[in-house]
Protein chains: 2
Amino acid sequence: MPRDSFEPSSRRTPAVARLSPRRRVPEATSHTIRDIARLSGFSRSTVSLVLNGDPRIKPSTRQKVWAVIQKVGYEPNCMARSLARRRSMITAVVVPKISSHLFSDYYFSESMSGISDTLSAKGYRMIIEMVTDNFLKDGMHLRLFRECQIDGMLLVGTLDTDEYVGEVLSSGYTAVLVNSWRPGCSCVVADNMGGAASVMRHLSALGHKRIGFIGGLNSTTVGLQRDEGYRRGLLECGLPEATGLVEYGDFSEQSGYEAAKKLLSKKNRPTAVFACNDMMAVGCINCARDMGIAVPDDLAVVGADDIALASYFQPRLTTLHQPMYEVGCLATQVLLDKLAGVGEWPVKKVVLTQLVIRDSSGFSREGRVSGAARK
Amino acid sequence: MPRDSFEPSSRRTPAVARLSPRRRVPEATSHTIRDIARLSGFSRSTVSLVLNGDPRIKPSTRQKVWAVIQKVGYEPNCMARSLARRRSMITAVVVPKISSHLFSDYYFSESMSGISDTLSAKGYRMIIEMVTDNFLKDGMHLRLFRECQIDGMLLVGTLDTDEYVGEVLSSGYTAVLVNSWRPGCSCVVADNMGGAASVMRHLSALGHKRIGFIGGLNSTTVGLQRDEGYRRGLLECGLPEATGLVEYGDFSEQSGYEAAKKLLSKKNRPTAVFACNDMMAVGCINCARDMGIAVPDDLAVVGADDIALASYFQPRLTTLHQPMYEVGCLATQVLLDKLAGVGEWPVKKVVLTQLVIRDSSGFSREGRVSGAARK
DNA sequence: TTGTATGCGTTATCAT
DNA sequence: ATGATAACGCATACAA
């Protein structure tokens, strides 16, 4: 009983209840695939096949259908398509909420740009979720998959201690970690360990023997890896792991200031300091200034991240540039490959970092030195 | 012919074609509303009503149904719900793509945070779209509504010359402009005009008579309004609109440098400069330094935006703080109100700006002065 | 190659 | 108060 094709102007009409036309107010009267079928004289399926570029459709048919589509300005409904295809073309990007000023952090902004560019180039859309207490309480990390039908998830800069990450990864859904590292899952990270080691070689080459370290949170991958890189650098340069040369902060300027205070108050204070990120480097330099220690003359300071401030601060910061844009792009590509069913899985990728030499380490002209890659 | 309720374990079974069970691999076997109906012994409709908190449902039924929902961890499918409800609970946030480093700009990052917080508090999700050439070519601005069924759109910092904005607004879809201004539509902006005037009063109070202005792009609302505020400020302070005191840039540091060069090369150069944004203020100060003009002693400089750099730059920048977080929140609220059918429409809202006095204008301690509100 | 029938998971209408 | 069923708009085995 064909009840589809030749009903001139109405939607599929039920056998009996012709009395109450179910059509709701067609406010913006957008067309459906039915309209195209009717107008073009083909069936819905044919239109659908044309829409999806199926090669089985005869060219002449294809053209006729497309002509109608163009003419009436038909656009397929994503929701309906997702429902039928069971694939939403939507990716969630989950970012930690650090204060309420998340997006201003270079680290995240750069990765977001890379992610966004790569996703939209492939026709994917992204929804952004910030990890708040509510996010966790509502179990949003899994609801995004189940309720919202997202195809995949990018987890940016998560902590080793974030439990929800484990839940996502073990749930069987597709996810990639951006700049954090866990065994058994796909991760794309900047080569912080190798980069940190290159910082140490740089300072060592300048003649420094006592190089201090202001660490960050070792629950973060960057914190941990830069810490390891510091130690590896000492080894490579043949420097002893002297005591009293390491203090930890929490990545904030304030914590960098306080760590520096401890470091610089010692009888045998370091002549150079590698701070785990730029903000702590800034704190360190401010502390040195307050203590009457000149940077870079009496103390060389190197940061990491290469935030915008780094090149405007006085002295301009020598720092380890982390190519977060590239990391974002690559991570997204890994995710999309998996969704497309190509490539390996899981996969680990490392993007090289670069040492940007400015003034705070005693050089006066800017230059770049490639960081070491871990192969 | 009831074919729904008492089919123990299978989906709706067609009269004949029982041979080929259409069910595809239920990979992650998530439950549907049918499962809940079956398990609880009620109909799909009842479950749906329970799910949506309909008051007509008897409390005992409500409890029984919820018990099952909790037990099996059922979560409704957004796509199906959106399709049926014709409302997606998704909002698009459209931001201009300035270089590839969009998110690093304070202006946008702050507004995004406000938008994100407000949306997620109301159960809305946001998808972020950057305006690129492709965005425009594909007609994405309207496709988002038609294809993706977004409920509303927030347009952040658009230019007066952006044509797609007009198309969105005239299309009948719901949209709010964030920090830009057009007649006949809903806008939420920072009070840049009043704020700029307060900058002028500040400089005038410091004794400056010749106050220069480095304008931005007057195709932007902030550019235009700060320009107007500059002139209004001159008037309020009884200063003449002298010639040769105004130059324009494009908001970049470089353009600020060049504008300053012209301004400061004149025989009768200004003793103070109000730059339309912080980056141009930085360029101006760098230029002054290169010309041997001391800031703030020989030249007072005030910027606008209060980007993170402002308090780290030397000298620390006196600047007009623009509460973009609040602007983002408010704009989102306006949008959601409209979607909920409450409040007026269209609506114009102005958020006060604040003058943050630091070192570049000659003061040594930080302080805040409320900007003037336009009523 | 094209058409038919049905499914995707939910909401909304109407009848009971 | 609850149940049955038709939308919602598209995709897709399978038949023709």
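Residue numbers begin at 1 in each chain, while the letters A, B, ... track the order of the sequences.
- When each of A:Cys78, A:Ser116, A:Ser120 is tested with A:Arg125 by the rule side-chain contact (heavy atoms from CB on, under 4.5 Å), just one qualifies, namely A:Cys78.
- Within the 3.5 Å criterion, the main-chain N or O of B:Val165 finds no donor-acceptor partner in the side chain of B:Asp162.
- If you take CZ of B:Arg38 and P of D:dA4, they are 15 Å apart, rounded to a whole angstrom.
- Below 30°, between 30° and 60°, or above 60°: for A:Phe145 and A:Tyr173 the angle between ring planes is below 30°, a parallel geometry.
- Judged by distance alone, with hydrogens and angles left aside, the side-chain atoms of A:Thr332 form a donor-acceptor pair with the main-chain N or O of A:Gly328 at under 3.5 Å.
- Straight-line distance from the CG atom of A:Leu49 to the P atom of C:dT1: 11 Å, rounded to whole Å.
- Between C:dT10 and B:Arg44, no contact under 4.0 Å exists linking OP1 or OP2 to a side-chain N or O.
- Checking side-chain atoms of B:Asp151 against main-chain N and O of B:Met89 turns up a donor-acceptor pair under 3.5 Å.
- Remark: P of D:dG9 and CZ of B:Arg146 are 14 Å apart, rounded to the nearest angstrom.
- When distances run from any side-chain atom of A:Thr32 to the nucleotides D:dA11, C:dT10, D:dC10, the shortest one goes to D:dC10.
- For A:Ser45, the listed nucleotide lying nearest its side chain is D:dT12; candidates were D:dG9, C:dT10, D:dT12.
- Less than 4.0 Å separates DNA chain C from at least one heavy atom of each of the following residues of residues 58-79 of chain A: A:Lys58, A:Thr61.
- For B:Arg56 and C:dT13, the CZ to C1' distance is 10 Å, given to the nearest whole Å.
- Contact annotation: A:Arg86 reaches the phosphate of C:dG9 (side-chain N/O to OP1 or OP2, under 4.0 Å).
- Side-chain N/O atoms of B:Arg81 include one lying less than 4.0 angstrom from OP1 or OP2 on C:dT11.
- A:Leu83 comes within 4.0 angstrom of a nucleotide base, judged by non-hydrogen atoms across all strands.
- Listed nucleotides C:dT11, C:dT1, D:dG9 differ in distance to A:Ala80; the shortest reach to its side chain belongs to D:dG9.
- For D:dT2, neither phosphate oxygen OP1 nor OP2 lies less than 4.0 angstrom from any side-chain nitrogen or oxygen of B:Thr46.
- Applying the 4.0 Å criterion to OP1 and OP2 of D:dT2, one finds that B:Ser43 has every side-chain N and O outside that range.
- Going from atom CD of B:Gln149 over to atom P of D:dC10 covers 9 Å, rounded to whole Å.
- Here salt bridge (charged side-chain N to carboxylate O under 4.0 Å, His left out) pairs that include residues 61-82 of chain A, with residues two or more places apart or in two chains, are A:Glu75-B:Arg146.
- For residues 48-57 of chain A, every residue pair satisfying the salt bridge (charged side-chain N to carboxylate O under 4.0 Å, His left out) rule, not counting sequence neighbours, is listed here: A:Asp54-A:Arg56.
- Candidate nucleotides D:dA11, C:dT10, C:dG3 were compared by shortest atom distance to the side chain of A:Phe42, and C:dG3 ranks first.
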